[in-house]
Amino acid sequence: MSLNTLRNIGIAAHIDAGKTTVTERILFFTGETRKMGEVHDGQATMDFMKQEQERGITIASAAISCHWKGSQINLIDTPGHVDFTIEVERSLRVIDGMIAVFCAVGGVEPQSETVWNQANRYRVPRIAFINKMDRNGANFTGVVCQMNKYLDANAIEFQLPIGSEDNYTGIIDVLERKAYAFTELESVETEIPEAYRQQCEEARAVIVGKLAEYNEEIMGLFFEEKEVPAVLLKRAAREATLKMLITPVFCGAAYKNKGVQLLLDAVLDYLPSPVDVGAVVGMDIDDPEKSHSRHPSAKEPFSALAFKLIHDPFVGQQTFTRVFSGTLRSGMQILNSTRGKHERIGRIFKIHAKDREEISEAGPGDIVALIGMKFTKTGDTLCDNDHQLILESIHIPPPVVELKIAPANRKDQARLGEALGKLTNEDPSFTVHFNDETEESVISGMGELHLEIILDRLKHEFNVEAIVGEPSVAFRETITNEVESNYKHSKQTGGRGQFAHTVMRIEPNEGKGYEFIDKIKGGAIPGEFIQSVNKGIVKTLERGILAGYPVVDVKVVLIDGNHHPVDSSDMAFQTCASICFKNGFMKANPILLEPMMKIEINTPDEYIGDVVGNLNRRRGNIESMRRFRKGAQKINGFVPLMEMFGYATQLRNLSSGRANYSMEFFNYAPLPRAIQEEILKKVEEKKKAG
């Protein structure tokens, strides 16, 4: 198979835009499945987890291969719910192109925006599919306008719908000036209806005008007012799409099998092959300033990225991997350059959703599952031992909701620990930590639904019953003032003692995380102990100081200190740095930060007053309100996560079940002083009770 005919694509969108239905139709029309699975009856091929089938939503990204007109398409269906945003992140890191699905009624929704920004981060070219054209309230042009207004998408109508809502009967291909009507399973080429000819010519003129900006040949024909052939427009549109200059827009109604075959044609016409994407660039292991590139060729040294881990009851851990260059064979030894460990490849599988097909080797562009990996985690680079490099990893968002967890039966403690370990391996946005002071295990995730799914999997996949506390917010600690801290650690216990002395300046570092700067002069602290100082501070950051929450956004400048030729050690400097940092932190006006969520509420006009009033009582801040369809408005704003537990039920009650909302993590913001004092008081009471 030629690499030019391979497409690695993802399908991403807001929840309920119809991603999984689009995927199911693609699998049916490419002959990969004989029956169309439906989300609502739990039969979708790509939603094979029990939790997905029960809830009718996608939770884990699933991969599958199919063929269309002589090309292979590796397809990843991603979740739309914000709690599973890590699944979108890791999929976008390894795909070459994307279909962004929009609902013709809902338009650009909060998660559409999040996914779009994630795709921008990884520079993924995309085409758009406006789905559900047969639904009441469908507005094709309105959605295209929203894409340009809210996503800056430079969206261009490459198709036009013939009719909409109940009268949606077909599609016009603007470039080719052809129309298509639909029977139950086929698209049939027809003449463009007279009433739409003018609209088609206007839309084609827009495409010609836009592409003339990027292509001199089209510009020449445009100024000479000559006809621009469709083949030239297609070639120029492909180039502009690959450079992310435009977003071609297509339409259909996937549930009614309308427009999917034409969308598949568009995937081949406008989305990139690994050859179009070109070389992947990684940094040198020893010198981060140096870079190495790997072209998508079997002759190049092997390089790949592990992007997902799944625990499978039949074959053990599967490591989903995208191969960028070289050839991977069973039994081969490779290097995990992220961890500096060697791995031996056991078996290699091609993935078909929940089914697997064993293969002996994988080449550039392939997405495969590897069995037998011992050390590899999400985001790790795998490479040839003699040609080492580290590829860009995967952005992992911070968890914002916490739950205390304990086994229902004390003898299940070890099994609970083992199961949680496997789940954190699979999902980097899910974390577990043990609180030494309260002797409780705490799990953290992206939202209530995320943790609900984790608990469900513990019960049904790992057979571990767990008792959980109320969900709580994952606060953070930081400082607002700059201070200097000086501490001398000296202990004599008979024999060799402990000695270390550090002087550090601690400064606020808003939005930039933790930074450590070494300004030691004249060897006051020997080089080998500088890292010990950093290590001691990092351990303290994780445990927290004010109330046991992780410390963020601080800069530590090590300015002076002292050592003893015999009594100084790694441990002495770690202990000294930790105490020195704690002392300084408490003098620097420490505060708690709370997670702020970006929220969007869709509500009928008659409930707007109640919804806004309720949001204000929850310390919400409304940024904008806009009409998105007749009789209904979208409210956009920000609200503290701690005020949002149980909001779904209350919003349902306020609006007789007609309003809905979605929210996602935005940033951490200082807690109001009165609330901070309340939380610190509770922490203190717990310590005394414990």
Practice problem: Go through the structure and list residues passing side-chain contact (heavy atoms from CB on, under 4.5 Å) with K598, not counting sequence neighbours. | Solution: E113, F638, E664, F666
Quiz item: Do L328 and I345 have side chains that get closer than 4.5 Å, going by heavy atoms?
Solution: yes
Quiz item: Quick one: do the Q574 and D570 side chains pair a donor with an acceptor below 3.5 Å?
Solution: yes
Exercise. Take R93 and F307 through the side-chain contact (heavy atoms from CB on, under 4.5 Å) test and state the conclusion after the steps.
Key: CA-CA 8 Å; R93 176 62 186 86; F307 68 97; 5.7 Å; no
Quiz item: Between S325 (side chain) and R294 (backbone), is there a donor-acceptor pair under 3.5 Å?
Solution: no
Quiz item: Below 4.5 Å, heavy atoms only, C-beta onward: do F581 and L541 meet side chain to side chain?
Solution: yes
Self-check item: Heavy-atom closest pair, residues G379 and L305
Solution: O-CD1, 3.7 Å
Quiz item: Is the side chain of N385 donor-acceptor paired with the backbone N or O of L335 at a distance under 3.5 Å, no angle test?
Solution: no
Practice problem: Mind running side-chain contact (heavy atoms from CB on, under 4.5 Å) on M504 and I537 for me, showing each step along the way? | Solution: CA-CA 11 Å; M504 57 182 74; I537 297 168; 4.0 Å; yes
Quiz item: Going by heavy atoms in the side chains, are V503 and Y487 under 4.5 Å from each other?
Solution: no
Quiz prompt | L680 CG to F475 CZ distance, which is reported to the nearest 0.5 Å | solution = 10.0 Å
Self-check item: Test item: side-chain donor near acceptor, S330 and S360, under 3.5 Å
Solution: no
Quiz item: Which pair of non-hydrogen atoms, one from N8 and one from P274, has the smallest distance, and what is that distance?
Solution: ND2-CG, 4.3 Å
Quiz item: Going by atom types only, do S578 and T540 share a side-chain donor-acceptor pair under 3.5 Å?
Solution: yes
Practice problem: For the pair H564 (side chain) and V566 (backbone), establish whether a donor and an acceptor sit closer than 3.5 Å, ignoring hydrogens and angles. | Solution: yes
Exercise. Give, for atom CG of L416 and atom CD of E418, the distance between the pair rounded to the nearest 0.5 Å.
Key: 10.5 Å
Quiz item: Looking at K555 and I517, what are the two nearest heavy atoms and their distance?
Solution: CD-CD1, 3.9 Å
Quiz item: What is the minimum heavy-atom distance between V280 and S303, and which atoms define it?
Solution: CG1-OG, 4.4 Å
Practice problem: For side-chain contact (heavy atoms from CB on, under 4.5 Å), just list the numbers for F302 and H387, CA-CA rounded to whole Å, side-chain angles, deciding distance to a tenth of an Å, and then say yes or no. | Solution: CA-CA 8 Å; F302 169 71; H387 301 84; over 6 Å; no
Self-check item: Side-chain donor/acceptor of T424 to backbone N/O of G421, under 3.5 Å
Solution: yes
Quiz item: What's the shortest heavy-atom distance between P364 and S297, and which atoms?
Solution: CG-C, 3.4 Å
Quiz item: So, does N583 use its side chain to make a donor-acceptor pair with the main chain of C580 at under 3.5 Å?
Solution: no
Quiz prompt | Euclidean distance, S441 OG relative to I405 CD1, rounded to 0.5 Å | solution = 7.5 Å
Self-check item: Separation between CD of Q333 and CG of D384, rounded to the nearest 0.5 Å
Solution: 10.5 Å
Self-check item: E643/R619 ion pair, N-O < 4.0 Å
Solution: yes
Quiz prompt | Distance in Å, S490 OG paired with Q498 CD, rounded so as to fall on 0.5 Å steps | solution = 9.5 Å
Self-check item: Pair listing, salt bridge (Lys or Arg N to Asp or Glu O under 4.0 Å) test, anchored in residues 325-343, at least two apart
Solution: R329-E361, R339-D380
Quiz item: L451 versus I443: any side-chain heavy-atom pair under 4.5 Å?
Solution: yes
Exercise. Working to the nearest 0.5 Å, report the span between CZ of F585 and OG1 of T478.
Key: 6.5 Å
Quiz item: When you check the side-chain N and O atoms of N336 and H342, is any donor under 3.5 Å from an acceptor?
Solution: no
Quiz prompt | Partner set under salt bridge (Lys or Arg N to Asp or Glu O under 4.0 Å) for D412, not counting sequence neighbours | solution = R415
Quiz item: So, the side chain of T381 versus the backbone of T338: is there a donor-acceptor pair under 3.5 Å, distance only?
Solution: no
Exercise. Taking all non-hydrogen atoms of both residues into account, name the closest pair between A304 and L391 and its distance.
Key: O-CD1, 3.7 Å
Practice problem: For residues I371 and Q318, determine if any side-chain heavy atom of one lies less than 4.5 Å from a side-chain heavy atom of the other. | Solution: yes
Exercise. Flag the pair M586 / P590 as yes when at least one side-chain heavy-atom distance between them is below 4.5 Å, and no otherwise.
Key: yes
Self-check item: Short side-chain to backbone donor-acceptor contact, H563 and A524, under 3.5 Å
Solution: yes
Quiz item: Pairs in or reaching into residues 472-487: which pass salt bridge (Lys or Arg N to Asp or Glu O under 4.0 Å), with residues at least two apart or in two chains?
Solution: E482-R505
Practice problem: Kindly indicate, with the supporting measurements, whether the criterion salt bridge (charged side-chain N to carboxylate O under 4.0 Å, His left out) is fulfilled by R322 and D96. | Solution: CA-CA 11 Å; R322 158 77 194 257; D96 299 329; 3.0 Å; yes
Quiz item: Going by the side-chain hydrogen bond (donor to acceptor under 3.5 Å, both in side chains) test, which pairs reach into residues 666-680, not counting sequence neighbours?
Solution: none
Exercise. Check whether any side-chain heavy atom of L592 sits under 4.5 Å from a side-chain heavy atom of I679, and report yes or no.
Key: yes
Quiz item: Step by step, would you call I390 with I285 a side-chain contact (heavy atoms from CB on, under 4.5 Å)?
Solution: CA-CA 6 Å; I390 292 185; I285 278 187; 4.0 Å; yes
Self-check item: Main-chain N/O of T319 paired with T321 side-chain donor or acceptor, under 3.5 Å
Solution: yes
Quiz item: Can you check whether L593 reaches L671 side chain to side chain, under 4.5 Å on heavy atoms?
Solution: no
Quiz item: Side chains of D560 and H501: is there a donor and an acceptor less than 3.5 Å apart?
Solution: no
Quiz item: Can you list every side-chain hydrogen bond (donor to acceptor under 3.5 Å, both in side chains) pair that touches residues 508-522, not counting sequence neighbours?
Solution: N509-E515, Y514-N534
